[in-house]
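What follows is a short report on a single structure.
Position 1 is the first residue of the sequence; numbering continues from there.
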Amino acid sequence: MFSNSAFRIFEESINNYHIKDDVNQPFTNPYPEADIDHLLYRKNWIDTVQWHYEDIIRDPEIDPVKALELKRKIDASNQDRTDLVEYIDSYFLNKYQSVQTKVDARINTESPAWAIDRLSILALKIYHMKEEVARTDASDEHLKKCSQKLKILLEQKGDLSSAIDQLLTDIEQGNIFMKTYRQMKMYNDEELNPVLRGQK
């Protein structure tokens with residue numbers, strides 16, 4: 001199933017990141033550029049780095065200048081994340097371009113890539129919740145709460161994985177037609193963001 005393969009790649013990316021556990025470490029993609037696995041690995045690496053950006057920026061003692069610099073990095077990361085989602089959707093659009101959709105074909109509320117985006121974030125939640133469950137310096141109450149949360153996250157993983165695989169099957173069989181809307185983010189565009197436009 002596609003979701004199982006994707007999740008394994010997300011886990012690989014997360015584990016590789018945590019070898020150094022440094023947001024500034026160089027990125028190396030082990031998969032060929034033409035491969036969907038390349039996009040999935042890159043997508044999760046962006047999510048993983050941003051996860052740790054979000055941790056750092058919440059430090060109440062952070063220097064304001066460094067916080068602003070980090071906010072810019074988070075904005076750029078969000079744009080990269082959106083771009084990768086659209087690249088992944090392009091892969092599926094190309095893969096299923098010859099499928100003849102049925103007359104009564106439905107449209108889904110989200111594209112395959114945006115569902116996969118949620119699976120990537122879920123992989124990060126599971127990794128870090130497992131870390132919390134394994135802590136030796138936490139209270140029993142904390143460990144109990146985190147164990148309960150981990151159980152829910154794992155259940156969510158199963159549900160989301162099934163939903164993704166069913167969506168892809170329905171697209172492949174013509175039961176759902178694939179339609180994507182480019183995100184058209186406005187805040188990074190010098191023509192669409194009035195603050196940036198005013199500085200030109």
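Taking both residues in full, the closest heavy atoms of His38 and Pro32 are given as CB-O, 3.0 Å, listed atom of the first, atom of the second, then distance. Taking all atoms of both residues into account, the shortest heavy-atom contact from Leu143 to Arg135 is CD2-O, 3.7 Å. Counting all heavy atoms, side chain and backbone alike, Val85 lies closest to Ala113 at O-CB, 3.2 Å. Nearest heavy atoms, Phe92 versus Pro112: CD1-CB, 3.8 Å. Among all heavy-atom pairs drawn from Met129 and Cys146, the shortest one is CG-O, 3.6 Å. Among all heavy-atom pairs drawn from Leu153 and Lys125, the shortest one is CD1-O, 3.8 Å.
Applying the ring pair (Phe, Tyr, Trp, His ring centres under 6.0 Å) rule to Trp51 yields the partners His128; only residues at least two apart in sequence or on another chain are considered. Residues passing the side-chain hydrogen bond (donor to acceptor under 3.5 Å, both in side chains) test with Arg58 are Glu54, sequence neighbours excluded. Evaluation of the ring pair (Phe, Tyr, Trp, His ring centres under 6.0 Å) rule for Tyr96 yields no partner, not counting sequence neighbours.
Taken to the nearest 0.5 Å, the CZ atom of Arg106 stands 12.0 Å off from the OG1 atom of Thr101. Here the CZ-OG distance, from Arg8 to Ser3, works out to 9.0 Å after rounding to the nearest 0.5 Å. Annotation: the span from Ile164 atom CD1 to Leu160 atom CG amounts to 4.0 Å, rounded to 0.5 Å. Separation of atoms CD (Gln156) and NZ (Lys151) is listed at 15.0 Å; rounding is to 0.5 Å. Between atom CG of residue Asp117 and atom CD1 of residue Ile88 there is a gap of 8.0 Å, rounded to the nearest 0.5 Å. Of the inter-residue distances, the one linking Asn108 atom CG with Leu167 atom CG reads 4.5 Å to the nearest 0.5 angstrom.
Ile116 places a side-chain heavy atom less than 4.5 Å from the side chain of Phe2. Between Glu131 and Val133, the closest side-chain pair of non-hydrogen atoms is not below 4.5 Å.
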Could you check Lys144 against Ser147 for side-chain contact (heavy atoms from CB on, under 4.5 Å), going step by step and ending with a plain yes or no? CA-CA 5 Å; Lys144 181 179 178 181; Ser147 294; 5.7 Å; no
Take Ile126 and Leu150 through the side-chain contact (heavy atoms from CB on, under 4.5 Å) test and state the conclusion after the steps. CA-CA 6 Å; Ile126 289 171; Leu150 178 59; 4.1 Å; yes
Salt bridge (charged side-chain N to carboxylate O under 4.0 Å, His left out) assessment of Glu132 paired with Lys149: CA-CA 10 Å; Glu132 290 300 311; Lys149 290 178 180 179; over 6 Å; no
Assess the residue pair Tyr41 and Asn16 against the criterion (side-chain hydrogen bond (donor to acceptor under 3.5 Å, both in side chains)); give the C-alpha distance rounded to whole Å, side-chain angles, the decisive distance to 0.1 Å, and a yes or no. CA-CA 11 Å; Tyr41 189 93; Asn16 287 344; 2.9 Å; yes
Quick one, Asp170 with Gln173, criterion side-chain hydrogen bond (donor to acceptor under 3.5 Å, both in side chains). Give me CA distance, side-chain angles, the key distance, then yes/no. CA-CA 5 Å; Asp170 281 335; Gln173 294 178 350; over 6 Å; no
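Cluster annotation: Ile121 and Leu40 are assigned to distinct hydrophobic clusters (Ile/Leu/Val/Met/Phe/Trp/Tyr, side-chain heavy-atom contacts under 4.5 Å, transitive). A continuous path of Ile, Leu, Val, Met, Phe, Trp and Tyr side chains, each step under 4.5 Å between heavy atoms, connects Phe7 with Ile36, placing both in one hydrophobic cluster. By the criterion of side-chain heavy atoms lying less than 4.5 angstrom apart, applied directly or through intervening Ile, Leu, Val, Met, Phe, Trp or Tyr residues, Phe10 is grouped together with Leu154 in one hydrophobic cluster. Val49 and Ile14 are assigned to two separate hydrophobic clusters, defined by single-linkage of ILVMFWY side chains at heavy-atom distances under 4.5 Å. Cluster membership check: Ile56 shares its hydrophobic cluster with Ile46, using side-chain heavy-atom separations under 4.5 Å among Ile, Leu, Val, Met, Phe, Trp and Tyr.
In summary, the side chains of Asp47 and Gln50 do not present any donor paired with an acceptor at a separation below 3.5 Å, with no hydrogens or angles considered. A donor-acceptor contact under 3.5 angstrom links the side chains of Glu12 and Tyr31, judged on distance only. In the model, Glu11 has no side-chain atom that pairs as donor or acceptor with a side-chain atom of Asn15 under 3.5 Å. A donor-acceptor pair shorter than 3.5 Å cannot be found between the side chains of Asp75 and Gln79. There is a side-chain donor-acceptor pair under 3.5 Å between Thr48 and Asn44.
Atom CG of Asp63 has more than 12 neighbouring heavy atoms from other residues, nucleotides or ligands inside a 6.0 Å radius.
In this structure, Lys95 does not pair ionically with Glu172, as no charged nitrogen and carboxylate oxygen lie closer than 4.0 Å.
In this structure, Arg42 is positioned above the aromatic face of Phe27, its NZ or CZ under 6.0 Å from the six-membered ring centre and within 45° of the axis.
At distances below 3.5 Å, at least one donor-acceptor pair connects side-chain atoms of Gln25 with backbone N or O atoms of Tyr17. Side-chain atoms of Ser90 come within 3.5 Å of backbone N or O of Glu86 as a donor-acceptor pair. Within the 3.5 Å criterion, the main-chain N or O of Lys157 finds a donor-acceptor partner in the side chain of Ser161.
By the 30° and 60° cut-offs, the orientation of the rings of His18 relative to Tyr127 is parallel.
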